[in-house]
Amino acid sequence: MGKKPRNAITPIRTDDFPEWYQQVIKAADMAETSPVRGCMIIKPYGFALWENMQRIFDDRIKEEGVQNTYFPLLIPLSFISREAEHVDGFAKECAVVTHHRLESGEDGNLVPAGKLEEPYVIRPTSETIIGDAMSRWIQSHRDLPMKLNQWCNVMRWEMRTRLFLRTSEFLWQEGHNAFETAKEAQEDSLKMLEAYREFSEDYLAMPVITGEKTADERFPGAVATYTIEAMMQDGKALQAGTSHDLGQNFSKSLSIKFQGRDGEEEFAHTTSWGISTRLIGGMIMVHGDDDGMIMPPRVAPHQVVIIPILREGQDEAVLSKYIEGLRAKLKNIGVRVHIDNREERTPNKMWDAIKKGVPLRVEIGGREVEEETLTYVRRDIGKDSKTTCSVDDFLSSVSGVLDSMHDDMLARAKSFRDDNIKDVDSLSEIADYFSNNANIGFLRVDTSIMDLPNFDDTLKSHSLTTRCMPFADDGDKVLIGKAY
RNA sequence: CGGAGCGUGGCGCAGCCUGGUAGCGCACCUGUUUUGGGAACAGGGGGUCGGAGGUUCGAAUCCUCUCGCUCCGACCA
């Protein structure tokens, strides 16, 4: 029997990136497919990550005066059809509830019965039903701005699904704000986009490009869609979050109106903005390596995992007490710590911690207990970072170590991304670049190129899309790439 | 929805062409020796082969239908 491969994930990224992605999720025990078509089961370790993301971002939006609500899962069919472009955008992917009862059929199987007068649609997004409520709640300019959010699940019957990146049902937050003026709405949509950028970079260590979507990529019914775009390690783009300026399109079709300061009746200006469990897929593809996941320290379910190393003739009680003491001290200073006490071989515990991407792995055996030290390894660097230090030193430096790991992860991802954005001038250069399979990433071109007659065909024939018109280029350039 | 492939113990697969009543690796359980970057040996438990129908003395193997999944494309957070 030969030794197992040096890396924990097979295949490695450069051999088969999509398969590598699936294997990382499995190895980290984050999620799996379910008996329900296109729907995933988020396992405890994956959900703990989502909970941390939720907590952080929820606190952030509350600073903006956003209030949480909960609206029904089911939306009357007639609501969806109120906004014309909205219908076109979502009709193809709606799950519809048509019955409310099951009866025994002739062959003994249960069959739907009790047909509904009006079918319900399982929400693909909630602009219409929240807008309907807003139309009743908003009467005066004094009721504005109104900022509502909900953390919930939505369903879009996608043709092809991938864990976290695109599932038929997914978890997200959807914010819906209403304002008196067009200017406020526009500013708000940009502000929420900035909140996404900050969250992605400051907590997920995932660098993003902020910009506006081209008309083709705009949210159905929106005046403008703003996006944060991230680049995965295979050079593909991931739309990691969007914020829409809906103008008065939805307020007019849903009748969200108020009496203004001048006594005239006016339609509100609304925005909507969302991020989803897709971000988890992004984190995997931005940070993961051939040994599995690397959790960004600030959202990692466990920031530190302690692995007891018990050898023969060693007093287990003494070791446990030492470790328990360390755990309590770490918890005290706000570090999320996990002790791996499973009856499992030590090397396997280490590999599990690696595959799960726990930022810091702490090993404690007889030596450490005797010397009142501990040994730790940074996940993103590996065993070359193995350090032994006193418990006190660790306690005073651990948050700094986690911070620098965060900074390093962000910097690494940023330089990879920047290295893979090229400037070009012509359609033929775009075609040439993506005809060579070795070339990955985004191309940046003048927005005027979108007016060329062959533009759409060129993109289509290479499976390319416009990702966004970056704010950094004042909207003069457009990024083009392959997307998830 | 178009193209391709696959459904056999928990997972990954072989067997199918040339029908004879199921096998391998990993995982799991027990024991011994081990344990600081994926342990070794020995013993052991677990499947009726996606589903339905057909051919046959006999079907995981052949035929028909059907369901599901994965990948590629179009669509999309």
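In what follows, chains are A, B, ... by sequence order, proteins preceding strands, each numbered from 1.
A salt bridge does not link A/Glu32 to A/Lys26: none of the charged nitrogens lies less than 4.0 Å from a carboxylate oxygen. A/Asp234 has no carboxylate O lying under 4.0 Å from a charged side-chain N of A/Lys482, or vice versa, which leaves the two without a salt bridge. Taking 4.0 Å as the cut-off between side-chain N and carboxylate O, A/Glu64 and A/Lys62 do not count as a salt-bridged pair. Salt-bridge annotation for A/Arg197 and A/Glu201: present, with a side-chain N of the basic residue lying under 4.0 Å from a carboxylate O of the acidic one. Between A/Asp340 and A/Arg342, at least one side-chain N (NZ, or NE/NH1/NH2) sits under 4.0 Å from a carboxylate O, which counts as a salt bridge.
Taking atom C1' on both nucleotides, B/rC49 is separated from B/rC6 by 14 Å, rounded to a whole Å. The same atom, P, is picked in B/rG45 and in B/rU55; the two are 38 Å apart, to the nearest Å. Nucleotides B/rU70 and B/rG31, compared at atom C1', are 41 Å apart to the nearest Å. Nucleotides B/rU21 and B/rA59 place their P atoms 12 Å apart, quoted to the nearest Å. B/rC67 sits 38 Å from B/rC28 when the P atoms are compared, rounded to a whole Å. Rounded to whole Å, the C1' atom of B/rC26 lies 25 Å from the corresponding atom of B/rG68. Between B/rA77 and B/rC69, the two P atoms lie 23 Å apart (nearest whole Å). Look at the C1' atom in both B/rU8 and B/rA14: the space between them is 10 Å, to the nearest Å.
Look at B/rG25: its Watson-Crick or wobble partner, with both distances under 3.5 angstrom, is B/rC11. If you check B/rG45 for Watson-Crick or wobble pairing at under 3.5 angstrom, you find it has no partner at all. Base pairing of B/rU32 is made with B/rA40, judged by Watson-Crick or G-U wobble geometry with both donor-acceptor distances under 3.5 Å. Across all strands shown, B/rU70 forms a Watson-Crick or G-U wobble pair with B/rA4, both key distances being under 3.5 Å.
Rounded to whole Å, atom C1' of B/rG36 lies 15 Å from atom CD of A/Glu370. Residue A/Leu310 contributes atom CG, which lies 17 Å from atom C1' of B/rA39 at whole-angstrom precision. Per the geometry, CE belonging to A/Met192 stands 16 Å off C1' belonging to B/rA77, to the nearest Å. Taking atom CD on A/Glu344 and atom P on B/rG37, their separation rounds to 15 Å, with Å as the unit. Atom-to-atom, NZ of A/Lys355 to C1' of B/rA27 comes out at 12 Å; the value is rounded to the nearest Å. The distance from atom OH of A/Tyr484 to atom C1' of B/rG73 is 15 Å, rounded to the nearest whole Å. The distance from atom CD of A/Gln23 to atom C1' of B/rG38 is 16 Å, rounded to the nearest whole Å. Between the CG atom of A/Asp29 and the P atom of B/rA27 there is a distance of 16 Å, rounded to whole Å.
When each of A/Val377 and A/Glu169 is assigned the nucleotide of RNA chain B bearing its nearest heavy atom, the one mapping closer to the 5' terminus is A/Val377. Each of A/Ala240 and A/Ser463 was matched to the nucleotide of RNA chain B holding its nearest heavy atom; the match closer to the 5' end belongs to A/Ser463.
Of the candidate nucleotides B/rG38, B/rC71, B/rG73, B/rC71 has the atom lying nearest to any side-chain atom of A/Arg162. Listed candidates were B/rA77, B/rG38, B/rG36. Nearest to the side chain of A/Ala8 is B/rG38. Side-chain proximity of A/Gln22 to B/rC71, B/rG37, B/rU35: nearest is B/rC71. Out of B/rG36, B/rA39, B/rG38, the shortest distance to the side chain of A/Arg311 is found at B/rG36. Distances were taken from every side-chain heavy atom of A/Arg156 (C-beta onward) to each of B/rG38, B/rA77, B/rU70; the shortest belongs to B/rA77. Closest to the side chain of A/Phe170, from the set B/rG38, B/rU35, B/rA77, is B/rA77. Of the candidate nucleotides B/rG38, B/rC75, B/rG37, B/rG38 has the atom nearest to the side chain of A/Asp352. Of the candidates B/rG38, B/rU35, B/rC28, B/rU35 carries the atom nearest the A/Thr346 side chain, counting heavy atoms from C-beta on. Nearest nucleotide to the A/Glu158 side chain, out of B/rC75, B/rG38, B/rG36: B/rC75. Comparing B/rU34, B/rC11, B/rG36 by their nearest atom to the side chain of A/Lys26 picks out B/rC11.
Residue contacts shown for A/Gly382 include a base, since a base heavy atom lies under 4.0 Å away. The residue A/Lys213 sits apart from the nucleic acid: no heavy atom pair falls under 4.0 Å. A/Ser168 comes within 4.0 angstrom of no nucleic acid atom, judged by non-hydrogen atoms across all strands. Within 4.0 Å (heavy atoms only), A/Leu238 reaches no atom of the nucleic acid at all. As judged by a 4.0 angstrom heavy-atom cut-off over every strand, A/Arg367 is placed among the base-contacting residues. Among the protein residues, A/Phe219 comes within range of no part of the nucleic acid, since none of its heavy atoms lies under 4.0 Å from any strand. Using a 4.0 Å heavy-atom distance criterion, A/Gly366 is classed as a base contact.
No donor-acceptor contact under 3.5 Å links the side chain of A/Glu363 to the base of B/rG37. On a pure distance criterion of 3.5 Å, a polar donor-acceptor pair joins the side chain of A/Arg361 and the base of B/rG37.
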Requested in this report: Determine, step by step, whether A/Tyr45 and A/His302 satisfy the ring-ring contact (aromatic ring centres under 6.0 Å, His included) criterion, reporting the C-alpha distance in whole Å, the side-chain angles of both residues, the deciding distance to 0.1 Å, and the verdict.
Outcome: CA-CA 9 Å; A/Tyr45 190 66; A/His302 311 311; 5.7 Å; yes

Query raised in the report: Would A/Thr375 and A/Thr388 count as a side-chain hydrogen bond (donor to acceptor under 3.5 Å, both in side chains) if you check the C-alpha gap in whole Å, the side-chain angles of each, and the deciding distance to 0.1 Å?
Result: CA-CA 4 Å; A/Thr375 299; A/Thr388 299; 2.9 Å; yes

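Contact of the A/Asp291 side chain with the A/Arg379 side chain is registered, since non-hydrogen atoms from C-beta on lie closer than 4.5 Å. By the 4.5 Å heavy-atom criterion applied to side chains, A/Thr10 and A/Trp20 are not counted as neighbours.
Within residues 271-280 of chain A, the residues approached by RNA chain B to less than 4.0 Å at the level of any non-hydrogen atom are A/Ser276, A/Arg278, in residue-number order.
Using a 5.5 Å limit on the distance between ring centres and a 30° limit on the angle between planes, the aromatic ring of A/Trp172 does not count as stacked on the six-membered base ring of B/rA77.
A cation-pi arrangement is found for A/Arg82 relative to A/Phe79, the charged atom lying closer than 6.0 Å to the ring centre and inside a 45° cone about the ring normal.
Proximity of A/Gln314 to the phosphate of B/rU35: no side-chain N or O atom is located under 4.0 Å from OP1 or OP2.
Ring geometry for A/Phe471 versus A/Tyr226: interplanar angle of 30 to 60°, hence tilted.
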